[in-house]
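Worth knowing before you read on, the calculation uses all heavy atoms, side chains too, and leaves out hydrogens, waters and symmetry mates. Each chain gets a letter, A, B and so on, in the order its sequence line appears, and its residues count up from 1. Remember, predicted model here, so these are calculated numbers, not experimental data.
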Protein chains: 4
Amino acid sequence: MNERSFILGFIMHNKHDLILRAAEKIIAAGGIQGLSMQQVANEAGVAAGTIYRYFKDKNELILELRRDVLSQVANSIFADHDQGSLEQRFKRIWMKMHDYGKQRSPTNLSYEQYAHLPESNTEEIRTIEMQLFEPLQRLFQEGVEQGVFQPLHPRALYSISMEPSMAMARAIRRGLIEYNAKDITLACDICWRAILIPTPPTN
Amino acid sequence: MNERSFILGFIMHNKHDLILRAAEKIIAAGGIQGLSMQQVANEAGVAAGTIYRYFKDKNELILELRRDVLSQVANSIFADHDQGSLEQRFKRIWMKMHDYGKQRSPTNLSYEQYAHLPESNTEEIRTIEMQLFEPLQRLFQEGVEQGVFQPLHPRALYSISMEPSMAMARAIRRGLIEYNAKDITLACDICWRAILIPTPPTN
Amino acid sequence: MNERSFILGFIMHNKHDLILRAAEKIIAAGGIQGLSMQQVANEAGVAAGTIYRYFKDKNELILELRRDVLSQVANSIFADHDQGSLEQRFKRIWMKMHDYGKQRSPTNLSYEQYAHLPESNTEEIRTIEMQLFEPLQRLFQEGVEQGVFQPLHPRALYSISMEPSMAMARAIRRGLIEYNAKDITLACDICWRAILIPTPPTN
Amino acid sequence: MNERSFILGFIMHNKHDLILRAAEKIIAAGGIQGLSMQQVANEAGVAAGTIYRYFKDKNELILELRRDVLSQVANSIFADHDQGSLEQRFKRIWMKMHDYGKQRSPTNLSYEQYAHLPESNTEEIRTIEMQLFEPLQRLFQEGVEQGVFQPLHPRALYSISMEPSMAMARAIRRGLIEYNAKDITLACDICWRAILIPTPPTN
DNA sequence: GATGAATGAGTGTTCATTCAT
DNA sequence: CATGAATGAACACTCATTCAT
């Protein structure tokens with residue numbers, strides 16, 4: 001996280017973050033291509049020139065927001081990630097991802113913008129992504145090592161069992177599926193069982 | 001003259017499609033936000049003004065490309081989609097999606113750009129998407145009706161069992177996973193079995 | 001006049017004049033600045049390139065139309081201009097000018113566009129204007145020579161006594177004055193008497 | 001900074017007016033159709049983008065200039081308009097109009113451009129025109145009410161007696177008539193007497 | 001002669017960035 | 001530190017003109 005000062009331990013009021021939040025809001029509403037420095041300045045309540053005291057240029061603002069958004073998402077999803085059994089940890093993360101992805105919050109909406117960008121800024125961003133999603137990585141590795149999960153690359157297991165969480169959340173957010181708590185629980189369970197190595201029936 | 005000419009009976013070289021392919025290429029490389037009409041003109045080897053003989057404005061060019069890309073993808077994926085059992089059909093589509101998604105072709109790369117756009121042009125595009133992916137929709141409905149698939153909305157089944165296909169393809173394309181034919185076959189099978197209602201062991 | 005062929009002695013059907021009439025119509029409706037070669041082509045029912053067989057470029061088209069419109073106006077106004085007394089001739093021209101200027105015909109409307117242009121194409125156009133309005137010039141000169149009109153330059157007499165005719169017509173056409181035949185007759189008479197040298201009452 | 005600064009307490013040099021004066025100059029020289037934003041920028045000595053800080057778009061620049069020019073003209077012509085007898089007031093306005101119309105000043109030349117435009121921006125502009133020329137309107141109405149002027153619509157009286165003032169000015173400016181102070185005085189007197197109701201000779 | 005597709009310079013306009021205050 | 005007026009390159013788009021057919 002990159003907060004600098006807190007008021008009541010809650011809202012950041014330094015200009016740097018003010019600007020970041022403004023950019024996030026605008027991207028959430030109109031997409032990255034609809035981001036102008038003037039808008040950010042207006043939304044943040046500062047002069048256009050002020051942005052350049054905190055960010056070298058537009059690219060860096062976008063990049064820094066990307067980092068920031070990414071860590072916000074990771075923080076939300078991986079709280080308490082180490083508690084409990086593999087299944088509990090998996091399902092907790094799956095549900096948190098899902099709940100997070102269903103939100104219309106600026107952070108989530110701008111995260112989605114970033115997540116599917118062509119290939120920009122690859123190296124640094126990729127490293128950050130790796131670090132942040134490391135808990136998940138670890139989860140899958142443990143499962144594989146314990147012979148519980150299918151013998152696949154952790155990232156493949158992620159694709160198979162976690163991407164559906166976000167995908168369904170997106171579909172619900174966009175109104176393509178009606179939300180139904182039971183279905184989500186079922187889906188979560190399906191995803192969990194999907195990557196398990198089937199145990200032979202004991203009889 | 002702008003009659004259609006073919007190279008090897010395959011690629012059309014009329015200006016309209018020339019421009020579309022140029023735009024596709026640029027979007028694939030630099031994203032939609034990096035698309036300027038001048039670039040398209042240069043890439044297509046025509047004058048800037050020429051584009052406007054074929055497309056009302058930039059928006060229409062983008063929209064038409066979106067339609068075009070969407071139907072190319074659908075055509076690639078849903079060839080022979082009605083042949084065989086549910087399982088054969090599912091796996092054929094899953095593998096084709098995967099193979100398609102792994103490509104670095106302009107069409108695939110620009111498809112990915114479009115697929116995750118905020119919410120633009122919703123009505124028409126959504127209709128087209130629906131039509132094109134109707135075979136898949138039908139597949140899931142049949143499975144549910146036959147009591148073979150989990151009792152979920154077709155779109156949810158899609159999210160759970162098909163999105164992983166694309167997600168893995170993306171991960172491979174980006175070098176996050178090393179490609180391994182056996183793993184893919186396994187993943188495909190996992191996805192297939194994931195949405196099946198488990199049958200009690202008969203013995 | 002520059003007609004080339006007649007059908008039934010009435011409508012000109014060569015392309016040259018077809019294009020001229022089309023341009024006239026467009027200028028009447030949208031002003032000179034709203035004249036595009038493509039529009040002229042469409043309106044005339046010919047291809048854009050065809051215009052260039054008949055006119056060197058846009059400037060020449062406009063210039064030639066200007067000439068053409070000017071001579072049409074002059075023809076309408078100065079028919080039978082030499083019949084009758086000074087007063088009859090003056091009033092006949094005044095009324096014709098007025099009637100002509102009230103029209104919403106393409107010719108009149110585009111004439112008005114041309115009449116108040118900055119200073120373009122001065123030399124040639126000025127000569128044409130002179131020739132065409134020569135009957136009027138002559139009328140004023142005769143009047144001055146006969147000691148009937150005020151001792152002013154013919155052009156000044158024109159300004160004083162004839163411009164009001166057009167000005168009123170314009171005001172009526174634009175709805176600023178309601179048309180009233182008696183008022184026009186009165187105005188015409190006022191203009192006539194205005195430039196006469198008052199004769200001392202005989203008694 | 002863009003506070004207003006004065007040179008000799010007279011000419012404003014803030015950017016807004018600088019741009020307006022530049023546009024006026026260009027229109028005076030080449031007509032409204034020859035007005036490009038780039039030219040205005042060059043003439044005003046500012047960057048093209050700067051214009052858009054002061055005017056929403058080209059249309060608004062033109063509209064605002066039109067208003068500005070109109071009020072400059074009215075101010076010049078109607079100073080002290082209420083002093084003296086009907087005849088004094090009429091002749092003072094007539095002469096001022098004439099003097100003004102003879103000038104080659106950008107303001108006058110661009111005024112002439114605007115005055116004869118097809119019918120654009122009618123509502124607002126017409127209202128402004130009405131307000132500004134209201135003194136003249138009042139003059140004619142008084143004259144009619146007092147039974148001194150011919151019983152015609154004020155606008156008709158304007159056409160008959162005032163338009164010649166501008167028409168002669170234009171003719172002189174264009175070199176069609178040689179300037180001669182005595183002739184102007186005569187013309188002014190002719191126009192004045194033209195709209196009077198002739199009084200029967202007292203003998 | 002006639003066509004209309006193609007051109008490319010030019011238009012109005014936007015916007016990231018700078019810098020005097 | 002902060003401002004926001006100013007910049008000017010880049011953008012989407014238009015249109016007079018050319019020329020292969």
Side-chain angles (χ1 to χ4, degrees), chain A residues 14-16 19 33-42 44-62, chain B residues 1-3 14-16 18-19 33-42 44-62, chain C residues 14-16 19 33-42 44-62, chain D residues 1-3 14-16 18-19 33-42 44-62:
Chain A
N14 61 69
K15 293 244 164 90
H16 180 273
I19 291 165
Q33 72 224 76
L35 185 82
S36 93
M37 297 303 260
Q38 193 53 63
Q39 266 180 90
V40 175
N42 293 345
V46 302
T50 303
I51 298 176
Y52 290 83
R53 294 222 155 267
Y54 298 93
F55 304 91
K56 204 185 106 245
D57 57 19
K58 193 184 182 183
N59 253 332
E60 195 160 292
L61 167 59
I62 288 177
Chain B
M1 272 215 256
N2 67 343
E3 81 290 358
N14 60 65
K15 291 256 158 74
H16 180 273
L18 206 59
I19 291 164
Q33 74 227 72
L35 184 82
S36 95
M37 297 305 259
Q38 195 50 242
Q39 267 180 90
V40 175
N42 293 346
V46 301
T50 302
I51 299 175
Y52 292 85
R53 290 202 74 71
Y54 297 95
F55 304 91
K56 205 184 106 252
D57 56 19
K58 193 184 180 184
N59 253 332
E60 196 159 292
L61 168 59
I62 288 176
Chain C
N14 60 69
K15 294 245 163 87
H16 181 272
I19 291 164
Q33 71 224 76
L35 185 82
S36 93
M37 297 304 261
Q38 194 53 63
Q39 266 181 92
V40 175
N42 293 347
V46 302
T50 303
I51 299 175
Y52 291 82
R53 295 223 154 267
Y54 297 94
F55 304 90
K56 200 183 112 249
D57 57 18
K58 193 183 181 184
N59 254 333
E60 194 160 293
L61 168 59
I62 288 176
Chain D
M1 276 216 253
N2 68 340
E3 79 289 2
N14 60 68
K15 291 255 157 76
H16 180 274
L18 205 59
I19 292 165
Q33 74 228 73
L35 184 82
S36 95
M37 297 305 260
Q38 196 49 243
Q39 268 179 90
V40 175
N42 294 344
V46 301
T50 302
I51 300 174
Y52 291 85
R53 289 203 72 74
Y54 298 94
F55 304 91
K56 206 184 104 254
D57 56 19
K58 194 183 181 184
N59 252 332
E60 196 160 291
L61 168 59
I62 288 177

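Taken from CE in M37(B) to CD1 in I19(B), the straight-line distance is 8.5 Å, to the nearest 0.5 Å. Here the straight-line distance linking atom CG of L61(D) with atom NZ of K58(D) works out to 8.5 Å at 0.5 Å rounding.
Across all their heavy atoms, Q38(D) and A48(D) have their closest contact at NE2-CB, 3.7 Å. When every heavy atom of A47(C) is checked against every heavy atom of A41(C), the shortest pair comes out as C-CB, 3.9 Å.
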Please list each protein N or O that sits under 3.5 Å from an N or O in nucleotides 7-11 of chain E, with the distance.
{"residue": "dT7(E)", "atom": "OP2", "partner": "A47(B)", "partner atom": "N", "Å": "2.9"}
{"residue": "dT7(E)", "atom": "OP2", "partner": "T50(B)", "partner atom": "OG1", "Å": "2.6"}

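Each of dA16(F), dC13(F), dT13(E) was ranked by its minimum atom distance to the side chain of Y52(C); first place goes to dA16(F).
Distance, E60(A) CD to dA16(E) P: 16 Å, rounded to whole Å. Separating the CD1 atom of I62(B) from the C1' atom of dC13(F) is a distance of 14 Å, rounded to the nearest angstrom. To the nearest angstrom, P of dT3(E) lies 9 Å from CD1 of I19(C). Put simply, CG on D57(C) is 5 Å from P on dT17(F), counting in whole angstrom units. With rounding to whole Å, H16(A) atom NE2 is found 16 Å from dC1(F) atom C1'. If you measure from atom CG of N42(A) to atom P of dC15(E), you get 12 Å, rounded to the nearest angstrom.
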**Request:** Report the secondary structure of DNA chain E in dot-bracket form, marking unpaired bases with a dot and bases paired to a different strand with |, and treating Watson-Crick or G-U pairs with both distances under 3.5 Å as paired.
**Result:** .||||||||||||||||||||
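Ring geometry for F55(B) versus H16(B): interplanar angle under 30°, hence parallel rather than tilted (30 to 60°).
At least one side-chain nitrogen or oxygen of Y54(B) sits closer than 4.0 Å to the OP1 or OP2 atom of dA6(E).
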